[in-house]
Amino acid sequence: MHVITQFKTHAQGLEGWISIHNELTVGHIFLQEEPDKKIKFLDAWVHPDYRGEGVYRQLWETRWKYVQDTYPDYTVYAWCLPKTLPLLIEKGFHAGDVCTYVE
């Protein structure tokens, strides 16, 4: 069983959740409160040995419920990878322009 715990960081406006299984952190997810009633969904990570077990979805749903309960009149936005886009669209987000990473 995975236990999800919320925490606040020392960074201004940054909150996160971790998923713990057998005393091992197997995932995390963050958000940042911004000016003008905006919430930015930040990075998420799941340990490679626990991918495909629903850890990301559980973290995402926990954060989403928190935002809906705590920030009901805020605009929520995120940058995401193509594999995450279907979940965001499922939740009512609208896709904007595509951005490509270059190095």
Open item on the list: If we check ring pair (Phe, Tyr, Trp, His ring centres under 6.0 Å) with Y66, which of these qualifies: W60, W17, Y74?
Closed with: W17
Task: Interatomic distance, C80 atom SG to I89 atom CD1 [nearest 0.5 angstrom] - done: 8.0 Å
Task: Heavy-atom pair with the smallest gap, counting every atom of V55 and G27 - done: CG1-CA, 4.4 Å
Task: Closest non-hydrogen atom pair between V26 and W45, with its separation - done: C-CZ3, 3.9 Å
TODO: Give, for atom CZ of R63 and atom CD of Q68, the distance between the pair rounded to the nearest 0.5 Å.
DONE: 12.0 Å
Open item on the list: If you compare all heavy atoms of T62 against all heavy atoms of Q58, which two are closest, and at what distance to 0.1 Å?
Closed with: OG1-O, 2.8 Å
Open item on the list: Atom CD of residue position E90 - does it have more than 12 heavy atoms of other residues, nucleotides or ligands inside 6.0 Å?
Closed with: yes
Open item on the list: Please give me the minimum heavy-atom distance between Q12 and Q32, naming the atom from each residue.
Closed with: O-NE2, 3.8 Å
Open item on the list: For the backbone of L14 and the side chain of T9, can you confirm whether one donor and one acceptor N or O come within less than 3.5 Å of each other?
Closed with: yes
Open item on the list: Any salt bridge linking E61 with K65? Criterion: basic side-chain nitrogen under 4.0 Å from a carboxylate oxygen.
Closed with: no
- [ ] Mind checking ring-ring contact (aromatic ring centres under 6.0 Å, His included) for F30 and listing every partner two or more places apart, or none if nothing turns up?
- [x] F7, H28
Open item on the list: Pair F93, W64 - check ring pair (Phe, Tyr, Trp, His ring centres under 6.0 Å), show working.
Closed with: CA-CA 12 Å; F93 287 76; W64 184 239; 5.5 Å; yes
Task: Spacing of E15 atom CD and I29 atom CD1 [to the nearest 0.5 Å] - done: 13.0 Å
Open item on the list: So which atom in I18 and which in L59 form the shortest heavy-atom distance, rounded to 0.1 Å?
Closed with: C-CD2, 4.0 Å
TODO: Under the salt bridge (Lys or Arg N to Asp or Glu O under 4.0 Å) rule, collect the residues that match up with K38, sequence neighbours excluded.
DONE: none
- [ ] Report yes or no: do L31 and L88 belong to one cluster of Ile/Leu/Val/Met/Phe/Trp/Tyr joined by side chain heavy-atom distances under 4.5 Å?
- [x] yes
TODO: Would you please test Y50 and H2 for side chain to side chain contact (heavy atoms under 4.5 Å, CB included) and show each step?
DONE: CA-CA 10 Å; Y50 292 86; H2 301 275; 3.8 Å; yes
Task: Test item: I39 and Y77 side chains (from C-beta on) under 4.5 Å apart, heavy atoms - done: no
TODO: Take atom CG of D73 as the centre, draw a 6.0 Å sphere, and report whether it contains more than 12 heavy atoms from other residues, nucleotides or ligands.
DONE: yes
Open item on the list: Please determine whether side chain to side chain contact (heavy atoms under 4.5 Å, CB included) holds for the pair W79 and K40, giving the CA-CA distance in whole Å, both sets of side-chain angles, and the decisive distance to 0.1 Å.
Closed with: CA-CA 9 Å; W79 296 93; K40 181 179 183 180; 4.1 Å; yes
Task: From CA spacing to verdict: side chain to side chain contact (heavy atoms under 4.5 Å, CB included), L87, Y56 - done: CA-CA 11 Å; L87 172 60; Y56 174 78; 3.6 Å; yes
Task: Contact check, side chains of F41 and V67, non-hydrogen atoms, under 4.5 Å - done: yes
Task: Partners meeting salt bridge (Lys or Arg N to Asp or Glu O under 4.0 Å) with K83 (sequence neighbours left out) - done: none
